[in-house]
Amino acid sequence: MSHYQIEFRHAQKCYGENIVLENINCQVKAGEFVTMVGASGCGKSTFLKMLLGTESHSKGVVLLDGEDIVAEPSPDRGIVFQKYSVFPHLTVRQNVAIAKEFEGSPLLGRLFGNRRKQALDEADKWLEAVGLIAAKDKYPHELSGGMQQRLAIAQALIKHPKVLLLDEPFGALDPGIRKDMHKLVLELWKKYELTIFMVTHDLNEGFYLGTRLWVFDKTRHDPHAPNRFGSTITFDLPVGQTDAASFKSIKSALKLNESETDINESLMTKQANAS
Amino acid sequence: MSHYQIEFRHAQKCYGENIVLENINCQVKAGEFVTMVGASGCGKSTFLKMLLGTESHSKGVVLLDGEDIVAEPSPDRGIVFQKYSVFPHLTVRQNVAIAKEFEGSPLLGRLFGNRRKQALDEADKWLEAVGLIAAKDKYPHELSGGMQQRLAIAQALIKHPKVLLLDEPFGALDPGIRKDMHKLVLELWKKYELTIFMVTHDLNEGFYLGTRLWVFDKTRHDPHAPNRFGSTITFDLPVGQTDAASFKSIKSALKLNESETDINESLMTKQANAS
Amino acid sequence: QAKEDFKVCWSIYVGWMPWEYGDKSGIVKKWADKYDINIDVVQFNDYVESMNQYTAGEFDACTMANIDALTIPAAGGIDSTAMIVGDFSNGNDAVILKDGKSIKDAKGQSINLVELSVSHYLLARGLESVGMSERDVKVVNTSDADLVSAYTTKDVTAVATWNPLVSEILSMPKSNKVFDSSNIPGEIIDTLIVNTKVLEENPKFGKALTGAWYEIMDEMQKSKKVRAHMGKASGTDLAGFESQLDSTKMFYKAKDAVEFVNSPALKNTMEYVAKFSFNHGLLGDGAADAGFIGIETPAGVFGDKGNIQLRFDPSFMEMAAQGKL
Amino acid sequence: MKRWINKKPSRPLAIVLGILPFILLMALYQWGSEVRKVENPNDKLLPSVSQFYAAIDRLAFTPSKRTGEYLFWQDTFSSLKRLLMGVACAAAIGLILGLITGAIPLIGANLNPVITALSLIPPMAVLPLLFIVFGLGELSKVMLIIVGITPFLIRDLYQRTKDIPQEQLVKAQTLGANSFQLINRVLLPQILPRLLDALRLSLGTAWLFLIAAEAIAATEGLGYRIFLVRRYLAMDVILPYVIWITFLAFVLDWLLVKTSKKVFPWYHAAK
Amino acid sequence: MKRWINKKPSRPLAIVLGILPFILLMALYQWGSEVRKVENPNDKLLPSVSQFYAAIDRLAFTPSKRTGEYLFWQDTFSSLKRLLMGVACAAAIGLILGLITGAIPLIGANLNPVITALSLIPPMAVLPLLFIVFGLGELSKVMLIIVGITPFLIRDLYQRTKDIPQEQLVKAQTLGANSFQLINRVLLPQILPRLLDALRLSLGTAWLFLIAAEAIAATEGLGYRIFLVRRYLAMDVILPYVIWITFLAFVLDWLLVKTSKKVFPWYHAAK
Ligand SMILES: Nc1ncnc2c1ncn2[C@@H]1O[C@H](COP(=O)(O)OP(=O)(O)OP(=O)(O)O)[C@@H](O)[C@H]1O
Ligand SMILES: Nc1ncnc2c1ncn2[C@@H]1O[C@H](COP(=O)(O)OP(=O)(O)OP(=O)(O)O)[C@@H](O)[C@H]1O
Ligand SMILES: [Mg+2]
Ligand SMILES: [Mg+2]
């Protein structure tokens with residue numbers, strides 16, 4: 001058995017003729033924080049879905065704790081999407097407690113009396129952790145976008161997942177609120193020793209948060225059949241060791257044609273915050 | 001007659017009991033670029049709507065070129081919203097040419113033959129200006145978010161408005177694309193000598209783009225009746241002259257509790273770009 | 001095999017309102033109890049639907065006119081017996097023209113009626129009486145519920161229908177009755193049709209119904225209150241109901257009904273009816289001629305003796321006449 | 001001068017404008033009625049207001065001579081009972097089948113084609129068969145309503161179930177939900193307010209089928225009375241009944257809206 | 001083991017599953033028919049397949065003895081003509097009124113209450129009045145369809161017009177559009193695909209009213225034939241007609257979808 005928590009070996013994913021990802025090879029240890037960037041449509045979400053189990057790989061091997069990954073979502077892998085992650089018909093507390101109810105009541109998924117109280121109490125603990133305890137009886141539509149994402153994170157954590165998957169979790173948030181969320185995620189990551197995979201469109205964010213930054217891109221292009229070749233992981237940077245040349249090529253891969261001089265600085269800042 | 005293009009004197013706006021804006025006093029000359037920030041719900045969009053004419057002020061005076069402002073949208077004030085600014089059923093060219101068609105055909109709003117060709121040609125000129133000429137026969141749904149906003153700007157400019165109003169025009173765009181748009185707006189602003197009012201949630205953006213930054217906030221609070229007092233313009237900064245103290249208070253007004261050390265720098269960069 | 005629970009259905013028509021009274025007043029129940037059976041009396045608003053339900057086997061007995069008994073249950077293979085002959089139409093069915101005094105004036109007009117019904121038959125007989133045929137007019141199928149309102153429109157110039165629609169229409173200006181069932185007395189007969197097999201196996205059922213019927217007849221003839229009740233139930237009042245009764249030859253006495261059924265005229269009538277039905281394709285695809293379905297009357301059988309599906313059987317009414325029930 | 005599309009009526013003006021067409025319609029009726037009365041004083045088609053009044057008084061406030069009952073209220077009660085039973089059953093079937101076909105792809109693939117085909121059959125055309133299958137008692141009238149609206153409900157709720165974001169289903173599974181828990185705790189509660197929406201849309205059809213069913217076999221009910229007196233062209237009874245049915249339809253619709261807003265605040269706020 | 005909600009049938013399995021219920025229904029019918037035939041060989045309620053075949057042959061492929069016409073095709077033609085005319089008129093009225101009430105608040109305030117009230121009236125109950133107003137000819141059948149579906153169309157398109165983002169209206173005005181230009185160039189083209197959606201929803205009701213209208217007064221048409229032969233329970237004719245109507249309804253629905261996708265690509269892509 002390997003000592004890696006996640007391992008991809010020559011994994012490929014295609015939808016019919018359309019090869020989205022190919023030749024994916026990577027190993028991730030427990031406790032790493034992997035951020036992923038790449039052009040739109042290059043397959044980042046698809047990669048997360050393979051980890052999550054909602055899509056199965058077409059070729060190769062994907063291992064979780066050394067075993068073939070279960071191609072179905074399960075409580076050992078938590079997820080936060082950009083939108084629709086929380087249940088609109090439940091209050092904040094119920095949104096978190098529902099995981100406990102699923103656990104305790106296999107038939108109806110609904111607890112009563114004392115057991116229900118226990119579940120709600122545990123939910124409150126997690127709401128405390130993400131700073132939502134004051135809004136515990138509100139419905140999601142009464143929350144701001146940032147609070148909804150906090151709720152989605154609390155929800156994901158109550159099941160103590162081995163791996164936490166984040167698909168552009170802060171993409172729809174205002175810059176100010178986004179900063180708060182970064183702080184929260186780093187805190188939780190350290191406190192609960194999570195393995196985190198996070199997709200982002202914001203290269204700054206990728207550098208700031210991760211211990212490791214992956215760039216997804218195509219290595220081969222066929223201009224007449226754009227779907228013939230898939231993306232792969234073209235850069236795998238232990239963050240902090242970025243040299244000027246690779247930085248430039250990441251930027252061109254992401255097609256950011258504006259100068260982002262502040263990135264190197266945020267790298268410094270991050271080192272201070274994260275370690 | 002005053003030599004200001006826009007002038008507000010003791011203007012107030014309320015919806016029934018709810019006072020949104022009060023005691024608004026300001027003068028803006030032609031060619032200024034005003035960026036506006038403020039907490040969510042403080043009335044920035046309402047301010048723009050008064051300028052636009054879709055909402056009329058409840059008290060005080062609002063002047064455009066020294067005359068009482070017309071409380072109805074008209075071609076002298078162009079607008080770009082965050083979303084829904086373009087017509088989904090028209091191609092890119094038609095979206096821009098439609099303004100010419102309204103002008104040339106008072107009854108149906110539809111031109112034929114040679115006049116139609118002229119209108120399309122003029123539209124193409126504007127598409128060139130915003131860099132959309134390659135996509136001129138596409139429908140909006142085939143464009144990315146950034147391209148849609150470019151289109152909305154081209155649309156607004158074809159009528160040569162005196163004032164261009166932008167309500168969080170780049171709020172839904174990715175950071176990389178946002179930078180491109182900043183460049184475009186600054187270019188157009190200089191080239192066509194526009195007066196621009198732009199609402200943003202991103203303080204960086206506000207500093208980077210504007211010649212003048214306004215902060216909207218309440219000066220008085222009644223904790224038992226939050227709607228009793230309205231917001232007003234609490235800071236009016238000619239950008240470049242920000243001192244540390246006022247910068248801090250802006251941040252607290254916006255409730256950004258993360259350090260944004262890079263703002264001062266982007267101020268510098270802006271000066272280089274904008275002037 | 002003998003059974004205990006029976007279902008009878010009836011629909012709203014002057015000659016069948018007694019069943020409503022019999023049901024409400026308990027007379028039917030009284031007679032059912034006497035023979036130790038249960039009879040469920042069900043009202044229909046839609047005449048055609050009631051016959052369809054009977055033909056489909058949902059009911060053991062149903063009220064219907066002689067022509068419908070031939071073309072619906074009998075043609076559908078349900079051997080049926082006309083057990084009670086309650087009345088015949090004596091002016092209740094009529095052809096009415098807006099313009100024209102005689103049925104000859106109908107030539108070339110559209111005539112609104114319920115196609116393939118007694119009205120259609122009446123029209124055919126009327127045209128025949130002046131040497132015309134259906135080819136001389138255009139028949140427009142119109143549902144009975146809507147005939148009265150249809151008549152108020154300009155498009156409709158001629159109708160053939162039954163009561164109470166006839167009296168409603170005649171009360172409107174410019175309506176001329178040009179032919180009615182009193183011109184062909186005894187040809188449109190309203191009966192209670194009973195499933196022959198059920199009747200054979202359960203004579204009690206027939207006895208109970210017949211007994212009840214003539215007790216109702218008795219009360220109806222004597223009591224104005226009973227007639228007022230029936231009028232109300234059919235959506236009109238005493239006066240309206242009695243004017244409908246005036247154009248109906250009720251057989252209040254069993255003896256009269258027996259006599260009518262036994263007369264040889266009945267066989268001739270049924271022959272007319274069978275021919276009309278055959279000409280309109282109502283006897284089914286297999287029918288080679290009007291006699292394809294045998295009709296048994298006391299005066300003899302019309303048509304195929306090997307395929308008798310409709311029987312006029314006076315025996316139960318005779319028992320009633322002799323007071324043997 | 002404002003553009004027409006920007007002119008918004010003030011509240012009182014809006015009310016006046018809204019009432020105007022009703023007054024016009026009434027005046028038009030009154031005029032038509034008088035014209036016909038001049039031609040034929042016994043005209044039944046457009047009765048006068050006093051005739052309406054007499055008819056309403058007779059049916060609603062005078063006990064029937066025959067049975068001592070108030071026909072109007074009895075009709076209303078019977079019809080409402082049938083309608084509500086039919087709609088309730090249809091809602092239950094529609095909810096269960098819509099939810100299950102929407103949630104479980106295997107069952108959806110199995111049942112959707114046949115449900116689509118059934119929903120296209122005009123129920124009026126197969127009335128005789130329906131009566132044979134369901135008999136003629138109270139059940140048949142209720143069944144006709146059920147047959148009339150259930151296919152629509154199933155298809156609508158199927159679609160609404162499918163519309164629930166995939167993300168929520170995935171999330172629930174990462175929280176350990178099995179299929180049944182997921183349907184019970186995630187899908188069902190979110191479909192309920194949509195069921196009320198669908199019911200509002202199908203109430204009109206339900207009334208149609210109720211009236212059709214009562215026209216064929218019934219001994220009381222609003223539709224029955226209308227069909228009974230239609231033979232006599234008693235518009236003095238028919239029109240008040242029609243207005244009453246319209247009013248009842250309006251009240252039911254209003255109740256559904258209110259209930260939905262009260263019970264599912266999150267649904268209405270989110271829209 | 002996958003959860004049930006995650007099991008998706010493969011394409012061939014989906015087809016087999018989808019056909020299964022139809023086969024079951026047919027088998028059930030066959031069985032019911034045989035049982036009844038044993039009891040009564042002349043049973044008309046559930047005819048055998050050979051009887052269907054004979055009836056179809058007689059109506060569709062043999063000229064009628066009386067008129068020399070092919071009844072089935074004549075019926076189909078008449079009914080389709082009425083249906084299409086009715087739906088087309090209703091669409092035109094619904095489009096114009098929906099658009100105008102949605103676009104111009106003053107007209108909306110004026111007409112919406114009365115349209116809402118009218119849409120709640122069950123048309124079946126006011127048939128006599130409809131006859132008076134529209135006569136009893138071809139027009140009346142078309143009118144019944146129009147009366148039956150127009151209120152729904154108006155209300156739906158009113159709502160759809162209101163749903164068009166306010167931002168677009170403001171934008172058009174800043175581009176110099178007057179009210180009429182705005183309706184003609186911004187609202188109308190965006191409402192057209194939504195009209196097709198609304199028509200799809202109301203086709204079922206249109207068929208219902210067509211059949212009802214033909215049942216009341218007609219000399220040919222699919223509904224006429226069904227109600228005529230209902231008089232002698234000729235299910236061998238009724239059932240093929242019902243299946244044919246269902247098929248026609250399906251084809252019309254399919255045509256609407258195709259047309260919409262073809263003519264309004266931007267509408268379908270944006271969804
Ligand atoms: N279910 C599917 N069936 C077919 N193709 C799919 C499916 N899901 C995704 N794809 C294709 O796979 C490619 C990668 O999609 P994916 O969503 O993973 O991109 P992404 O990197 O997350 O993009 P974005 O940054 O826009 O979220 C796209 O080209 C998309 O068209
Ligand atoms: N039509 C209206 N009727 C009543 N109240 C309104 C209306 N429009 C806006 N408001 C109120 O006015 C206040 C200011 O709204 P506005 O949209 O101007 O805020 P904003 O500063 O643009 O906020 P955001 O940053 O979220 O866009 C809010 O409290 C809102 O509830
Ligand atoms: Mg993605
Ligand atoms: Mg705003």
Side-chain angles (χ1 to χ4, degrees), chain D residues 3-9 13-14 17-22 25 45-46 103-106 109-114 116-117 119-129 132 152 169 173 178-179 182-183 204-205 207-208 211-212 215 223 226 230 233 235 238-239 241-242 245-246 249-250 253, chain E residues 3-9 13-14 17-22 25 45 103-106 109-114 116-117 119-129 132 152 169 173 178-179 182-183 204-205 207-208 211-212 215 222-223 226 230 233 235 238-239 241-242 245-246 249-250 253:
Chain D
R3 290 181 185 85
W4 280 100
I5 59 155
N6 290 330
K7 282 187 198 159
K8 299 209 167 61
L13 178 61
L17 282 175
I19 290 176
L20 217 62
F22 289 97
L25 277 184
L45 193 73
L46 302 180
I104 302 178
L106 284 173
N110 192 212
L111 295 183
N112 283 336
V114 74
T116 307
S119 76
L120 288 169
I121 298 177
M124 292 293 180
V126 284
L127 274 187
L129 264 189
I132 307 296
F152 165 76
L169 306 191
Q173 294 182 52
N178 60 35
S179 294
L182 199 145
I183 291 173
T205 319
W207 275 103
L208 211 72
I211 290 174
I226 287 178
R230 220 157 102 177
L233 202 66
M235 296 305 289
I238 293 178
L239 285 184
Y241 264 70
V242 168
I245 290 175
T246 307
F250 174 78
D253 185 69
Chain E
R3 292 181 184 85
W4 280 99
I5 59 156
N6 291 331
K7 282 187 198 160
K8 298 208 168 60
L13 178 60
L17 281 175
I19 291 177
L20 216 64
F22 290 97
L25 278 183
L45 191 72
I104 301 179
L106 284 172
N110 192 212
L111 296 184
N112 283 337
V114 74
T116 307
S119 75
L120 288 169
I121 298 178
M124 293 295 181
V126 285
L127 278 185
L129 272 187
I132 307 310
F152 164 77
L169 306 190
Q173 295 182 52
N178 62 34
S179 294
L182 200 145
I183 291 173
T205 321
W207 275 104
L208 214 71
I211 290 172
L222 297 168
I226 286 177
R230 194 170 76 104
L233 204 66
M235 296 305 288
I238 294 179
L239 286 184
Y241 265 68
V242 168
I245 291 175
T246 307
F250 174 79
D253 185 71

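A, B, ... follow the sequence lines: proteins, then strands. Residue 1 opens every chain. Side chains are part of it too, since the values below use all heavy atoms of this structure and drop only hydrogens, waters and symmetry mates.
- With a 6.0 Å radius and a threshold of 12 heavy atoms from other residues, nucleotides or ligands, Phe22(E) has its CZ atom above the threshold.
- The structure places CD of Gln173(D) at 4.0 Å from CG of Asn6(E), a figure rounded to the nearest 0.5 Å.
- For the side-chain hydrogen bond (donor to acceptor under 3.5 Å, both in side chains) test, no residue two or more places apart in sequence or in another chain qualifies with Thr246(D).
- Summarising the geometry, atom CG belonging to Leu120(D) is positioned 6.5 Å from atom CG belonging to Asp253(E); distances are rounded to the nearest 0.5 Å.
- With a 4.5 Å cut-off on non-hydrogen atoms, Ile19(E) does not touch chain D at all.
- Within the 4.5 Å cutoff, side-chain heavy atoms of Asn110(D) are placed close to those of Pro21(E).
- For the atom pair CG (Leu106(E)) and CG (Leu13(D)), the distance works out to 6.5 Å, reported to the nearest 0.5 Å.
- Only the side chain of Leu182(E) has a heavy atom closer than 4.5 Å to any heavy atom of chain D.
- Taken from CZ in Arg3(D) to CD1 in Ile104(E), the straight-line distance is 13.0 Å, to the nearest 0.5 Å.
- When the side-chain hydrogen bond (donor to acceptor under 3.5 Å, both in side chains) test is applied to Asn112(D), the partners found at least two apart in sequence or on another chain are Tyr158(D).
- Atoms CG and CH2, on Asn178(D) and Trp4(E) in that order, are 13.0 Å from each other to the nearest 0.5 Å.
- Counting only heavy atoms from C-beta outward, the side chains of Ile245(E) and Pro122(D) approach each other to under 4.5 Å.
- With a threshold of 4.5 angstrom between heavy atoms, Ala212(E) does not approach chain D through any atom at all.
- For CZ of Phe152(D), the number of neighbouring non-hydrogen atoms (other residues, nucleotides, ligands) closer than 6.0 Å is greater than 12.
- For Ile5(E), the parts lying under 4.5 angstrom from a heavy atom of chain D are both the backbone and the side chain.
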